[in-house]
Amino acid sequence: MEHNLHEINRTFINLPEWMVYTNNEIIGDVVPRFIDTMKQQDPLFDAMFRRVFYGGSYYDGLKVGDPGEFDLDLLLDLPRYAQPELVDSIYPGFVQLQVNRLDAWMRQPEALPSYSNFGRLLDDNRHVNTDKVLSWMEGLVQRSLNNFVAGNSLRVTFSKSGPALTLHIVAPTTKMDVDLVPCFVFRDDKWPSGFRRNPVPSKPEFFVVPKNPKDSADVSRFWRLSFQEQERVMIDNKLTLKPTLKLLKKMRDSNNATWIPSYYIKTMFLHACLTKSESYWRRPLSDVFVDMLKEYQQYVKQGQIPYFWNEKNNLFHQKVNKKTFKNVSRWLDKAIKKIEKNPNDAQIIAKILHIYPNSDAFFRRLVYSLGVKVASSIVDTALTYQTICTFTLMTGATICSNGPEDVANNALATAAIGGGLLLIKGAARLLKTVEINKYVATSMLLSCITDFAVEIL
C-alpha cells in the first residue's frame with residue numbers, strides 16, 4: 001500500500017512541476033504590477049497597504065482539484081494612533097473592529113491627505129464596515145484595471161464574489177482565477193481573548209477578513225479572524241502530513257461530500273499536530289493514512305470538528321442532515337475495512353478514490369504524465385520511451401485535444417536532442433495531444449538542453 005499511495009499522490013493528486021512553474025511565473029508577473037497600479041490610483045490604499053499574503057491550499061501545498069484558483073490576502077494596516085480595537089462578539093471566530101480616536105488621528109499632519117477618505121469605511125458608531133471596505137476595494141480594482149497593461153498576451157478581467165474580488169487572468173492556453181481579499185493585520189498584542197494562545201511565536205501577526213456570520217442581524221459589522229500564517233508553520237516540514245491530507249480531500253471529493261470544506265479537514269490535522277509527536281509524521285505514509293482516516297471517520301460520525309482556535313465552536317454547526325453524517329461515516333468505515341483487509345491491493349484504493357484505469361480522466365493524466373517525462377528526461381531514457389510514446393498515442397490521442405503548434409515544434413526540438421527517429425516522431429506527436437502552453441514547452445526544452453549539456457561536459 002505504501003508504494004500505491006505515493007504513486008497516487010504523485011500521478012493523480014500532486015500538481016505537476018511545469019504547472020506550478022507556469023502559475024507562479026504568471027502570478028509573479030501580474031500581481032505585483034497590479035498592486036503598484038492600485039497604489040497609484042488611491043493614496044489611502046497606498047498608505048495602508050502592507051504586503052500580500054499568498055494563502056489558500058495552493059500555497060499551503062494542499063491543492064487538490066482545479067489548479068487555476070488562488071487566494072491572495074491584501075494585508076492593510078490601520079493607523080495605531082487612531083486606536084483600532086478588536087471587540088469580542090457573540091459569534092465564535094468573529095470580532096468587531098472599532099476605531100476609538102478617529103477625530104484625533106485626522107488632526108495629525110501625517111493623516112492628510114492620504115487618509116482624507118478613511119472615514120468613509122466606518123459606520124456611525126466608528127466600526128469598520130465590511131460592506132464599505134469591499135465597495136471601496138471594488139471601485140479601486142475597477143479603476144486600476146482600466147489603467148493596467150497586462151502585456152505578454154494576457155487578458156485580465158475581474159468579478160466580485162463574497163469578500164473576494166477575483167482577477168480572471170487568461171493566457172493563450174491558461175486560465176487563472178486570483179481572489180484578492182482585503183484584510184487588516186494585527187500583532188499579538190491584540191490577540192483576541194478566549195482564543196488559543198499563539199503556538200507559533202515566530203509568527204506574531206494575524207488577520208481579520210471581511211466575512212460575516214450567516215445569522216447576524218447586522219452582518220456588515222463583523223470580521224472573521226484568520227490565523228493562516230501560524231497554521232502554515234504548524235503543518236510544514238511534517239513528512240507525511242500533506243500527502244495524507246490530500247488523500248483525504250480526494251476521498252471526500254470522490255464521495256461527493258463537498259459539504260465538508262477543506263478547512264475542516266485541515267483543522268483535524270491542526271489538532272493532530274498538537275497531540276502527536278514529530279516522529280509520528282515520519283512513519284510510513286500507509287500507517288499515517290489509515291490512522292488519520294480513522295480519526296476523520298470518527299469526527300464525521302460524531303458530527304463535530306472543534307475549531308482549532310476556539311474549541312467552543314463546532315465547525316459542523318451548520319444545518320446538515322444527521323442522515324448525511326451517518327451515510328458518510330458508514331462509507332468511510334467500509335473503506336477502512338477494505339483497505340485493512342487488502343492493504344496491498346492497488347485496485348481497492350483506486351476505486352475508493354475514484355481512479356479508474358478505463359476512464360478518460362485516467363488516460364488524460366497518463367498521457368500528460370508520460371509526455372512531461374519524455375520532454376524532461378529524454379537524454380537518459382530515450383530508448384525506453386520509444387514504446388511508451390507509441391502505446392500512449394494509440395490510447396490517448398483520441399481523447400486529448402490538440403495543443404498549439406509551437407508545442408509540437410518545441411517537443412520535436414526537444415526529442416531531436418536525445419536522438420532517435422522513432423522517438424522524435426513519437427514525442428512530437430504525443431506532446432501535441434497534451435494541452436501545454438508556450439511557457440511550459442519552452443521551459444521543458446531549456447531544461448532538456450541543460451541536462452544534455454551536463455551529459456556531454
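Model, not experiment: these values are computed from the prediction.
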Is any NZ, NE, NH1 or NH2 atom of the basic residue among [X] and [Y] found under 4.0 Å from an Asp or Glu carboxylate oxygen of the other?
X    : Y    : answer
D29  : R33  : yes
R221 : D131 : no
K190 : E85  : no
K242 : D236 : yes

- Six-ring centre of Y263, K266 cation under 6.0 angstrom, axis tolerance 45°: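 No cation-pi geometry.
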Can [X] and [Y] be counted as having a side-chain donor-acceptor contact under 3.5 angstrom?
X    : Y    : answer
N321 : K326 : no
Q40  : D36  : no
Q96  : Y91  : no
S193 : D88  : yes
W309 : E231 : yes
N212 : T130 : yes
T166 : D177 : no

Might you confirm whether atom [atom1] of [X] has over 12 heavy atoms from other residues, nucleotides or ligands at distances under 6.0 Å?
X    : atom1 : result
D189 : CG    : yes
R120 : CZ    : no
K203 : NZ    : no
K175 : NZ    : no
K249 : NZ    : yes

- Message: If you apply the rule salt bridge (Lys or Arg N to Asp or Glu O under 4.0 Å), what do you find for D291 with K276, and how did you get there?
- Response: CA-CA 12 Å; D291 193 28; K276 302 180 185 301; 3.8 Å; yes
Heavy-atom distance under 4.5 Å between the side chains of [X] and [Y], does that happen here?
X    : Y    : value
F12  : E7   : no
F269 : L248 : yes
E205 : F186 : no
I260 : Y296 : yes
L97  : V87  : no
N23  : M176 : yes
V208 : R224 : no
Y59  : L72  : yes

- Message: Parallel, tilted or perpendicular: which one describes the rings of F316 and W259, with boundaries at 30° and 60°?
- Response: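 Rings of F316 and W259: tilted, 30 to 60°.
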- Task: Begin from the C-alpha positions of L245 and I265 and carry the test side chain to side chain contact (heavy atoms under 4.5 Å, CB included) through to its verdict.
- Result: CA-CA 7 Å; L245 200 159; I265 300 176; 4.3 Å; yes
Taking [X] for the side chain and [Y] for the main chain, is one N or O donor matched with an acceptor at less than 3.5 Å?
X    : Y    : answer
T11  : I8   : no
E25  : V20  : no
S329 : F325 : no

- Show your working on side-chain hydrogen bond (donor to acceptor under 3.5 Å, both in side chains) between S220 and N129 and close with a plain yes or no. CA-CA 5 Å; S220 63; N129 185 287; 3.1 Å; yes
- After noting the C-alpha distance and the side-chain angles of Y280 and D287, does the key distance pass the side-chain hydrogen bond (donor to acceptor under 3.5 Å, both in side chains) rule? CA-CA 10 Å; Y280 173 83; D287 290 351; over 6 Å; no
State, to 0.1 Å, how close [X] and [Y] come at their nearest heavy-atom pair, and which atoms those are.
X    : Y    : value
P192 : L225 : CG-CD1, 3.9 Å
Q230 : N198 : CG-OD1, 3.3 Å
P210 : L134 : CG-CD2, 3.9 Å
L78  : P84  : CD1-CB, 3.7 Å
P243 : N9   : O-ND2, 3.2 Å
W281 : C273 : CZ2-N, 4.3 Å

- Message: Taking the ring of W223 and the ring of F184, is the distance between their centroids below 6.0 Å?
- Response: yes
Out of curiosity, [X] [atom1] to [Y] [atom2], how far, rounded to the nearest 0.5 Å?
X   : Y    : atom1 : atom2 : value
K63 : K246 : NZ    : NZ    : 12.0 Å
F94 : L86  : CZ    : CG    : 14.0 Å
L5  : S286 : CG    : OG    : 6.5 Å
D73 : L180 : CG    : CG    : 9.5 Å
Y81 : W105 : OH    : CH2   : 9.0 Å
Y21 : E17  : OH    : CD    : 12.5 Å

- Where do Q41 and V141 land on the side chain to side chain contact (heavy atoms under 4.5 Å, CB included) test, with the steps shown first? CA-CA 9 Å; Q41 294 298 311; V141 170; over 6 Å; no
- Message: So, applying ring pair (Phe, Tyr, Trp, His ring centres under 6.0 Å) with F206, which one of F195, W191, F53 is it?
- Response: W191
- Message: Run the salt bridge (Lys or Arg N to Asp or Glu O under 4.0 Å) test on D103 and R126 for me, step by step, so that the C-alpha distance in whole Å, both residues' side-chain angles and the decisive distance to 0.1 Å come before the verdict.
- Response: CA-CA 10 Å; D103 295 336; R126 304 290 172 85; 3.5 Å; yes
- Where do D71 and Y54 land on the side chain to side chain contact (heavy atoms under 4.5 Å, CB included) test, with the steps shown first? CA-CA 6 Å; D71 301 316; Y54 294 81; over 6 Å; no
- Where do R51 and E229 land on the salt bridge (Lys or Arg N to Asp or Glu O under 4.0 Å) test, with the steps shown first? CA-CA 13 Å; R51 59 187 170 97; E229 288 197 304; 3.2 Å; yes
- Task: Walk me through it: do K301 and D333 pass the test salt bridge (Lys or Arg N to Asp or Glu O under 4.0 Å)?
- Result: CA-CA 10 Å; K301 182 179 180 179; D333 186 54; over 6 Å; no
- Message: Could you go through D179 and L165, starting from their C-alpha distance and side-chain angles, then the distance that decides it, and tell me whether this counts as side chain to side chain contact (heavy atoms under 4.5 Å, CB included)?
- Response: CA-CA 6 Å; D179 287 348; L165 298 165; over 6 Å; no
- Message: Working note: F308 + H271, criterion ring-ring contact (aromatic ring centres under 6.0 Å, His included); need CA distance, chi angles, decisive distance, verdict.
- Response: CA-CA 7 Å; F308 179 77; H271 286 295; 5.4 Å; yes
